[in-house]
Every structure is written in structure tokens, then in C-alpha cells.
Amino acid sequence: MTPTIALPFWAQSKPPRVVVPEEAEVLRKRNEELEKELKKSIEREEKMKEELQKTWKRLKVAEEAEERLCCQLGEFEAEAVDQARAYRAHLINLMEQLSAAQKLLQSQ
């Protein structure tokens, strides 16, 4: 059996195509355009990341403010219930005094 040499797939394919200077210039310009677009895209991405971070910080501040407001609202509601109970008790006391005074006047 004769020894054989195995070549990688890419080595077995056709030899590389020769690029003419005009095509090379077109490819170079296209490559420059793509690099510029890539730089712009990276800059936009960085700007969007910064904007996202700023928005995230504003969201955190808003959430904390909401929590404080909810806490204050709960305290105000509890205070309002206490005041309503005290007012009702005061009204009942006044009605009892008025009733007692009316009975006293009617009995005389």
C-alpha cells in the first residue's frame, strides 16, 4: 500500500483568487465604511447604555419616593381614623348631654 498525505479541506480547494487593484480599492473603501459604521454603532450603544443607567437611577428614585408616599398616606389614614373616632365620641357625648338637658327641662 502506498502512503498518502491527507490535506485539510481548505488546502484541497481552488487556489485563492487574485484580486485586481480596482477590486482591492473597492473592498478597501467598503471596509472603511463598515469600520465607520461599526464605530458609530459602538458610540450609539455606549450612549444608550448611559441613558439606560440614568433612567434606571431615576426609576429607583421614583420607587423610593413612592414607598415614602405610601408610608405617609398610611400614617395619614390612621390619623384620620383616630380623629373620626374621637369626633364621633365627642358627638355622642354632646348628644347625651343635650338629651339629659332636654329631659331636665321637660321634667320641670
Side-chain angles (χ1 to χ4, degrees):
M1 186 170 227
T2 314
T4 59
I5 299 175
L7 294 175
F9 177 75
W10 55 269
Q12 296 174 4
S13 62
K14 299 177 186 176
R17 190 170 80 100
V18 177
V19 180
V20 292
E22 294 84 22
E23 287 180 6
E25 183 64 24
V26 169
L27 290 174
R28 186 186 61 73
K29 285 182 180 179
R30 179 66 180 145
N31 191 35
E32 288 176 359
E33 290 172 5
L34 291 173
E35 286 177 357
K36 286 179 185 177
E37 288 178 23
L38 177 63
K39 285 180 184 177
K40 287 179 184 178
S41 176
I42 291 171
E43 288 174 2
R44 281 195 309 269
E45 182 180 354
E46 289 299 318
K47 190 174 181 180
M48 293 301 287
K49 282 181 184 178
E50 290 173 6
E51 194 169 320
L52 179 62
Q53 288 175 346
K54 288 177 185 176
T55 303
W56 183 257
K57 287 178 184 176
R58 287 195 310 264
L59 175 64
K60 287 305 236 181
V61 168
E63 286 177 343
E64 291 172 2
E66 179 187 20
E67 287 178 17
R68 285 193 305 270
L69 288 173
C70 287
C71 183
Q72 288 177 351
L73 180 60
E75 290 172 359
F76 289 144
E77 287 176 345
E79 185 179 337
V81 168
D82 287 342
Q83 287 179 358
R85 286 180 180 156
Y87 183 71
R88 184 175 185 276
H90 183 64
L91 280 178
I92 290 173
N93 186 26
L94 289 176
M95 288 189 321
E96 289 173 355
Q97 287 179 13
L98 182 60
S99 178
Q102 284 177 341
K103 285 180 185 177
L104 182 63
L105 286 174
Q106 287 174 353
S107 67
Q108 290 178 353

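Everything numeric in this text was worked out from a predicted model, so none of it was measured.
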Separation between NZ (Lys47) and CD (Glu43), nearest 0.5 Å, reads 10.0 Å
Between atom CD of Glu96 and atom CG of Leu98, what is the distance when rounded to the nearest 0.5 Å?
11.0 Å
Could you measure the distance from the CG atom of Asn31 to the NZ atom of Lys29? Nearest 0.5 Å is fine.
13.5 Å
So do Lys57 and Lys60 actually touch side chain to side chain, heavy atoms under 4.5 Å?
no
Running the 4.5 Å side-chain criterion over Ile, Leu, Val, Met, Phe, Trp and Tyr, what cluster does Tyr87 land in, apart from itself?
Leu91
Nearest 0.5 Å please: distance from the CD atom of Gln83 over to the NE2 atom of His90.
13.5 Å
Looking at Arg28, I want to see if its CZ is surrounded by more than 12 non-hydrogen atoms of other residues, nucleotides or ligands under 6.0 Å.
yes
Salt bridge check: are Glu33 and Arg30 linked by an N-O gap of less than 4.0 Å?
yes
With a 4.0 Å cut-off on N to O distance, would you call Glu32 and Lys36 a salt bridge?
no
So do the side chains of Glu67 and Cys71 get within less than 4.5 Å of each other, counting heavy atoms only?
no
Quick check for you: to the nearest 0.5 Å, what is the distance between Cys70 atom SG and Glu77 atom CD?
9.5 Å
How far does CG of Leu73 sit from CD of Glu75, to the nearest 0.5 angstrom?
9.5 Å
Judged by atom type as modelled, is there a donor-acceptor pair below 3.5 Å linking the side chain of Thr55 to the main-chain atoms of Glu51?
yes
